[in-house]
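Below is one structure; the comments refer to it alone.
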Number of protein chains: 2
Amino acid sequence: MIGEKVKKLLIESETTLVKPAEQVAVVGIKNRLNHALLLLTTDKYAVVPVLDDQSKMRGLISMPTIMQTIMDIQDVHFEKLGDIEVGEVMDRDFPYVLEDFELEDVLHMLVDNAFITVVDREGYFKGIITRSEILKGTNRIAHEFEKKYIVKEKEIVAQ
Amino acid sequence: MIGEKVKKLLIESETTLVKPAEQVAVVGIKNRLNHALLLLTTDKYAVVPVLDDQSKMRGLISMPTIMQTIMDIQDVHFEKLGDIEVGEVMDRDFPYVLEDFELEDVLHMLVDNAFITVVDREGYFKGIITRSEILKGTNRIAHEFEKKYIVKEKEIVAQ
């Protein structure tokens, strides 16, 4: 359980924590790798969500994954980029939560993941939660908590 | 100013917050881009520090930067990778702090940067501070703060 007062400063609300789907760069599962590489290069993302043609969340694609696919020991086979679909090489094991997520689950998952995907119960992509948003909350707690609250150690008070 | 009690849970100490230089993947400023690309692909890093031959911190190199360098409108010129040095295209405007950094500076900088470089006063690379480490602290605060402390709103108490 997360303390109520800490939570109040950590996030404004569960809803504003989520960067909505329409603001997130994504690629289609049937896009070719050259398209995905161009998007990742242009927008400078390390990794983006992969959606199917119904906008359901299917995986993640990263630049290292694309490069590994076309690299062998001696060379990089760039000509292959137009022949391979994103769905063939994407990472299907992506971290996600449902829309009624618990903040504590998200906090744990973000220690090891740059962002967490939010999907509804049918698997439709709803948005992402980034480390950056949580770090804004961490800043608020660090700077404001002890200004707003009187904090005493429990042991001392109990004596 | 960061509250003392919040800080105690947020980080164990300023020293343990830093991932030391010898554990961080880096590239040399005179390395060619093919070497840097291989490192980024193999280790799955989005961006790594660039050091000169004295181990001084000089910049950052990312996979999007490398790809942009060899891409033009119609093609990717992979053969150029062996001719270009990292130092020619790296990002020289990197976020950094000195070893006696203030935690609040780091917290602010991490909202917009995946990691912060730590250097000494001569510019030697000492390590990095990652979002992941701060998120571990955020988890500790979220879960333990109100268990360890009695927290009261200041306005109510002041009445």
Side-chain angles (χ1 to χ4, degrees), chain A residues 1-7 10 34 37-38 40-47 62-68 71 75-78 81 103-104 107-114 130-139 141-158, chain B residues 1-7 10 34 37-38 40-47 62-68 70-71 75-78 81 103-104 107-114 131-139 141-158:
Chain A
M1 265 294 290
I2 294 183
E4 267 313 304
K5 299 186 183 73
V6 164
K7 185 173 173 179
L10 186 57
N34 50 4
L37 184 60
L38 194 63
L40 288 159
T41 300
T42 313
D43 290 354
K44 296 204 169 199
Y45 291 115
V47 50
S62 71
M63 216 179 252
T65 299
I66 296 174
M67 294 309 301
Q68 276 174 342
M71 257 183 192
D75 219 344
V76 185
H77 299 283
F78 240 85
L81 280 175
L103 179 60
E104 55 186 308
L107 284 187
H108 279 297
M109 293 163 90
L110 282 175
V111 171
D112 294 318
N113 299 282
T130 65
R131 285 175 165 172
S132 180
E133 281 307 311
I134 297 295
L135 284 160
K136 287 179 196 167
T138 306
N139 271 283
I141 289 178
H143 289 94
E144 293 173 33
F145 198 84
E146 289 177 56
K147 282 183 199 157
K148 290 199 173 168
Y149 297 103
I150 291 171
V151 180
K152 286 184 185 167
E153 290 193 35
K154 283 201 174 170
E155 289 83 347
I156 292 169
V157 175
Chain B
M1 266 297 291
I2 294 183
E4 268 313 305
K5 299 187 183 73
V6 165
K7 185 173 174 178
L10 186 58
N34 50 5
L37 184 60
L38 193 65
L40 288 159
T41 300
T42 314
D43 290 354
K44 296 204 169 199
Y45 291 113
V47 49
S62 72
M63 215 179 254
T65 299
I66 295 173
M67 295 309 300
Q68 277 174 341
I70 58 168
M71 258 181 191
D75 218 345
V76 186
H77 300 283
F78 235 85
L81 281 175
L103 178 60
E104 57 185 309
L107 285 186
H108 279 296
M109 292 162 90
L110 282 175
V111 171
D112 294 319
N113 300 281
R131 284 174 165 172
S132 180
E133 281 307 310
I134 297 295
L135 284 159
K136 287 179 196 167
T138 305
N139 271 283
I141 288 178
H143 289 95
E144 294 173 32
F145 198 85
E146 291 177 54
K147 281 185 201 155
K148 291 201 172 168
Y149 297 101
I150 292 172
V151 180
K152 285 184 184 166
E153 290 192 36
K154 284 202 173 171
E155 289 85 345
I156 293 169
V157 175

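Chain letters run A, B, ... following the sequence lines, proteins first, then strands; residues in each count from 1. None of these values were measured; they are calculated from a predicted model.
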Among the listed options A:Leu40, A:Asp43, A:Thr42, A:Ile141, the residue most often paired with chain B at heavy-atom distances under 4.5 Å:
A:Ile141
Does B:Phe78 have any ring pair (Phe, Tyr, Trp, His ring centres under 6.0 Å) partners at least two apart in sequence or in another chain, and if so, which?
A:Phe78
Check each atom of B:Ile134 against the heavy atoms of chain A and say whether the ones under 4.5 Å are side chain, backbone, both or neither.
side chain
At what distance, to the nearest 0.5 angstrom, does NZ of B:Lys44 lie from CE of A:Met67?
13.0 Å
Side chain, backbone, both or neither of A:Leu107 within contact of chain B (heavy atoms, under 4.5 Å):
both
Between B:Glu133, B:Met71, B:Lys7, who has the most heavy-atom pairs with chain A when the cutoff is under 4.5 Å?
B:Met71
Excluding sequence neighbours, so at least two apart, what forms side-chain hydrogen bond (donor to acceptor under 3.5 Å, both in side chains) with A:Gln68?
none
B:Leu10 versus chain A, the contacting section by heavy-atom distance below 4.5 Å:
side chain
Exam field: side chain B:Thr41 to backbone A:Pro64, donor-acceptor pair closer than 3.5 Å
no
Checking A:Thr130 against chain B: side chain, backbone, both or neither under 4.5 Å from a heavy atom?
neither
Please evaluate residues B:Asn139 and A:Glu104 with respect to the criterion side chain to side chain contact (heavy atoms under 4.5 Å, CB included), reporting the C-alpha separation (whole Å), side-chain torsions for both, the decisive distance (0.1 Å), and the verdict.
CA-CA 8 Å; B:Asn139 271 283; A:Glu104 55 186 308; 6.0 Å; no
Which heavy atom of B:Arg131 sits nearest a heavy atom of A:Leu135, and at what distance?
CG-CD1, 3.3 Å
Name the member of B:Asp112, B:Val47, B:Leu37 that forms the most heavy-atom pairs with chain A at distances under 4.5 Å.
B:Leu37
When B:Lys136, B:Glu4, B:His108 are compared by non-hydrogen pairs under 4.5 Å with chain A, the top option
B:His108
